[in-house]
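In what follows, chains carry the letters A, B, and so on, assigned in the order in which the sequence lines appear, proteins first and then strands, with residues in each chain numbered from 1.
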Amino acid sequence: MPTKPNELYNILFNKFGPQNWWPIDKKHHINNKSDPRFEIIIGAILTQNTSWLNVEKALENLKNNIILDIDNIINCNKRKLQKLVQPSGFYKQKTDRLIIISRYLKDNYNNNLSQFFNRDTQTIRRELLSLNGIGYETADSILLYAGDKPVFVVDAYTKRICSRIPFKTDLDYDSIQCFFQKQLSKSFSKKDLTRVYNELHALIVVLGKNYCKKKPLCNICPIKDNCKKILF
DNA sequence: GTCCAGGGCCGTT
DNA sequence: AACGGCCATGGA
């Protein structure tokens with residue numbers, strides 16, 4: 001029997017424990033009465049093909065200069081915003097993307113994220129994907145981690161791990177997402193799916209960062225007995 | 001110095 | 001549909 005997603009989840013959870021994503025700065029939002037969901041949206045854009053360490057530097061810059069909310073992104077001088085975003089790389093396009101989604105949320109939802117998220121998941125997803133700079137992974141990260149929607153996020157680590165185990169799925173985004181959601185729906189009750197998708201994606205990132213790297217560390221990998229790609 | 005990171009867009013086949 | 005070039009920074 002080939003390894004299945006719920007087994008991957010169990011192994012990684014037992015090994016690494018709960019990850020409690022998405023990482024946010026709670027103090028900032030308590031002190032300023034700002035919406036932590038917006039920081040998740042910002043972080044999802046800033047982390048596009050970028051290490052989280054660099055994203056943290058940009059988020060620090062932002063929080064040291066402006067309270068993290070929609071209006072402050074829109075009203076901030078663009079050059080200044082670019083300077084703050086710079087450590088996360090691709091800073092010009094990322095600055096534009098922050099402004100685009102902020103404008104969108106202001107113009108269409110009056111800065112009300114509860115109103116934005118309190119709708120059909122696929123409708124929200126289509127809207128996010130229509131924005132320049134929001135692709136599948138960014139949209140789904142926002143839906144899962146900010147919107148608390150049962151949507152499985154596929155990233156480069158997920159694709160790499162799927163190809164190595166290997167799972168019985170094609171390796172394009174939709175195929176992998178569909179595969180995980182279908183399989184995990186069989187193994188977990190509906191009320192647990194959001195939490196499971198949340199944890200599993202975070203756990204996959206831990207595995208991909210530390211073991212299933214481009215040059216994999218198969219000999220010490222926690223899933224080596226459930227994976228065919230032994231190459232150390 | 002080289003490689004890589006929690007992608008997405010756009011132009012070319 | 002699939003692929004390549006491009007966008008940029010900082011840590012390992």
Asks: Under 3.5 Å, which protein N or O atoms sit close to an N or O of nucleotides 9-13 of chain B? Give each pair with its distance.
Replies:
from   : atom 1 : to        : atom 2 : distance (Å)
dC9(B) : OP1    : Gly133(A) : N      : 2.9

Asks: Could you state the interatomic distance from CZ (Arg125(A)) to CG (Asp140(A)), rounded to the nearest 0.5 Å?
Replies: 4.0 Å
Asks: If I take atom CG in residue Leu171(A) and atom P in nucleotide dA1(C), what distance separates them, rounded to the nearest angstrom?
Replies: 18 Å
Asks: Side chain of Lys214(A), heavy atoms from C-beta onward: which of dG7(B), dA5(B), dA8(C) has the nearest atom to it?
Replies: dA5(B)
Asks: CZ of Phe167(A) to CG of Leu171(A): how many Å apart, nearest 0.5 Å?
Replies: 11.5 Å
Asks: For the residue pair Asp25(A) / His29(A), report whether a side-chain donor-acceptor contact shorter than 3.5 Å exists.
Replies: no
Asks: Remember a base hit wins even if backbone is also touched, and classify Phe90(A) as base, sugar-phosphate or nothing at under 4.0 Å, heavy atoms.
Replies: base
Asks: Regarding Asn72(A) and Asp69(A), is there a side-chain donor-to-acceptor distance under 3.5 Å anywhere?
Replies: yes
Asks: At under 4.0 Å between heavy atoms, what does Ser88(A) touch on the DNA or RNA strands: base, sugar-phosphate, or nothing?
Replies: nothing
Asks: Is the distance between the ring centroids of Phe180(A) and Tyr197(A) less than 6.0 Å?
Replies: no
Asks: Separation of Trp52(A) atom CH2 from dG7(B) atom P, in whole Å?
Replies: 12 Å
Asks: With a 4.0 Å cut-off on heavy atoms, is Ala156(A) in touch with a base, just the backbone sugar-phosphate, or nothing at all?
Replies: sugar-phosphate
Asks: Classify Gln93(A) by what it touches in the nucleic acid, base, sugar-phosphate, or nothing, heavy-atom distance under 4.0 Å.
Replies: base
Asks: Just compare dT9(C), dG11(C), dA5(B) and give me whichever is closest to any side-chain atom of Lys57(A).
Replies: dG11(C)
Asks: Could you give the CD-to-P distance, from Gln48(A) to dG7(B), as a whole number of Å?
Replies: 8 Å
Asks: Run the side chain to side chain donor-acceptor pair (under 3.5 Å) test on Arg126(A) and Gln122(A) for me, step by step, so that the C-alpha distance in whole Å, both residues' side-chain angles and the decisive distance to 0.1 Å come before the verdict.
Replies: CA-CA 6 Å; Arg126(A) 275 192 296 277; Gln122(A) 291 308 317; 5.2 Å; no
Asks: What orientation do His201(A) and Tyr145(A) show, parallel under 30°, tilted 30 to 60°, or perpendicular over 60°?
Replies: tilted
Asks: What's the CG-C1' distance between Asp172(A) and dA2(C), to the nearest Å?
Replies: 12 Å
Asks: Take atom P in dG8(B) and the same atom in dG10(C), then report the distance between them in whole Å.
Replies: 22 Å
Asks: Under 4.0 Å between any heavy atoms, over every strand shown, what does Lys92(A) touch: base, sugar-phosphate, or nothing? Just pick one.
Replies: sugar-phosphate
Asks: Taking any heavy-atom pair under 4.0 Å as a contact, classify Asn54(A): base, sugar-phosphate, or nothing.
Replies: base
Asks: Whole angstroms only, please: what is the CD1-P distance between Ile45(A) and dA8(C)?
Replies: 15 Å
